[in-house]
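Notes to accompany the following structure.
So you know, we letter chains A, B, ... as the sequences are listed, proteins then strands, and number each from 1.
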Number of protein chains: 2
Amino acid sequence: MEKRTFKDSIYTAIAGLAKAFGNANRLEILDLLANGEKTVEQVATQTAITVANASQHLQLLKNARLVKSRREGNFIFYTINGKQAYTAWKALRELALAAEPAVQVTLRQYRHEAGSPESLTLDSLPGNDRALLLDVRPTDEYASGSLPGAVSIPIGELPQRLGELPRHLTIITYCRGPFCTFADDAVQLLKANGFDAVRLEETYLDHRLHNDESWKN
Amino acid sequence: MEKRTFKDSIYTAIAGLAKAFGNANRLEILDLLANGEKTVEQVATQTAITVANASQHLQLLKNARLVKSRREGNFIFYTINGKQAYTAWKALRELALAAEPAVQVTLRQYRHEAGSPESLTLDSLPGNDRALLLDVRPTDEYASGSLPGAVSIPIGELPQRLGELPRHLTIITYCRGPFCTFADDAVQLLKANGFDAVRLEETYLDHRLHNDESWKN
DNA sequence: AATCTATTCAATGATTTGTTTGAATACTTG
DNA sequence: CAAGTATTCAAACAAATCATTGAATAGATT
């Protein structure tokens, strides 16, 4: 094989993979599917695109091996495909967070307006006697994996279930990732009700990356 | 700020960054610039594209903050811009190596034809008494950083300088990255001249990622 | 078998991307 | 300041990408 042919086909193949990341809707889908499996319609609804469009993006992602699917009756459930797919998405995300002013500014502004300007990181987490870890994602996502010690109250049920939360602890909320707004909503609601609340920057996925030995394929 | 607006602008910005990776020529350029600074013309020559085309890709990469430039007289030198840019490229590359059959097959076939089908990894490296580490990149790239203990003989000079190499040691060659062919050429030449030679999978950059505290920006 | 539902397919037009070509610009050297 | 070199710019066309629309398919339910 010619050197030039070799390099061209290698780099073209990798560029094809990168192109799968090169669309806003697909990134949002990927972020969603990293937290658990979803049907095409769920994906479409939650990312605010049409079903046909979601289907097409999902197939492109599947061809790129970034997601996988399983059929259950009429429904087809899609999930992220393995650790490396998430690692690559995370590396891209962190690059953007570190170096892309547009991302930094938008995130800071949104969090500020949402009344959740500060956030904690996992290594600066207070002990169990000082804080309670609250997972505000939908229950199925919590069930498919969560941070150790976290309690689950989906954001939609939180207003009715405030009574379940201790008032002498700091409530530390988390959700799907840095661009998920559930945790911000939760902080806002909790603060409005007199709780001490703050958003956690990390999510279950970051924990899974280091601790889930089964996430190999 | 509306939730939808927030997510759209965040994901659009990150997708824009991903698009910078979504072109074969740009990936090859990035791989090249990760090993040291190069002028536009050098980039063009080594990646087999026109100067104008290289210039345009370089500017796009610069806008995406993946590379940076410095002027010296008539020349403008481009380099990769910091650790995170390389980390993201590496994550993408590893994802492709792990999951993209086209990449796996092409790489295996090329190495096979080039007479360099096996390779070592850093953690399986023999001791100094058994092996010699040979950096076959151009001298300026070696000068800008190399694996500890490595000896430099650029691939172009290797035929004339075989006499400098010890015949009782295994010669372990490395170059710019997994898709650089210098090390394969070196292995072929060395074997043809009776040496025991094998290609190293890792490069200086992988070492730098973990050991160069100055690679922060 | 007929109907219903979730998903995919196919075609369309608007937009973006990539390369080439030749001219323009920025800096250096004589 | 004129000539030379490296790089960038601008225009142009081909090709790829994206969202939308409406029809087609696969499986479940009746």
Per nearest nucleotide of DNA chain C, the residue lying toward the 5' end, A:Q56 or A:K19, is A:Q56
Worksheet item: B:F77 near the nucleic acid: base, sugar-phosphate alone, or nothing, with a heavy-atom cut-off under 4.0 Å?
Response: nothing
Whole-Å distance, B:I49 CD1 to C:dT20 P, equals 8 Å
Separation of C:dT28 atom C1' from B:I76 atom CD1, nearest Å, is 14 Å
Check nucleotides 1-4 of chain C for protein N or O atoms closer than 3.5 Å to its own N or O atoms and list the pairs.
none

Per side-chain contact (heavy atoms from CB on, under 4.5 Å), A:T173 is matched among A:L120, A:D185, A:L190 by A:L190
Side-chain atoms of A:Q59 come closest, of C:dC9, C:dT7, C:dT20, to C:dC9
Contacts of B:V51 and A:N25 projected onto DNA chain D by closest heavy atom; the upstream (5') one is B:V51
Outermost contacting nts on DNA chain D, any atom under 4.0 Å from chain B heavy atoms, listed 5' then 3', are D:dG4 to D:dA10
* Asked: B:Q109 and B:E113: side-chain donor and acceptor closer than 3.5 Å?
  -> yes
Contacts of A:N63 meeting side-chain contact (heavy atoms from CB on, under 4.5 Å) (sequence neighbours excluded), chain-then-number -> none
| Aromatic plane relationship, A:Y11 with B:F179 - under 30° parallel, 30 to 60° tilted, over 60° perpendicular | perpendicular
Distance col, row B:D8:CG vs B:F6:CZ, nearest 0.5 angstrom, shows 10.5 Å
Open item on the list: Please classify the nucleic acid contact of A:A52 as base, sugar-phosphate, or nothing, using heavy-atom distances under 4.0 Å.
Closed with: base
Determine whether B:N81 and B:L66 make a side-chain contact, defined as any pair of heavy atoms from C-beta on separated by less than 4.5 Å. no
Rounded to the nearest 0.5 angstrom, the CG-CG distance for A:N25 and A:L61 is 10.5 Å
Testing C:dA6, C:dT19, C:dT20 for proximity to the side chain of A:F75, the answer is C:dA6
*Any chance the rings of A:F21 and B:F21 have centres within less than 6.0 Å?*
no
Notebook entry, point to check: Quick one: do B:R4 and A:E28 make a salt bridge, cutoff under 4.0 Å?
Noted result: yes
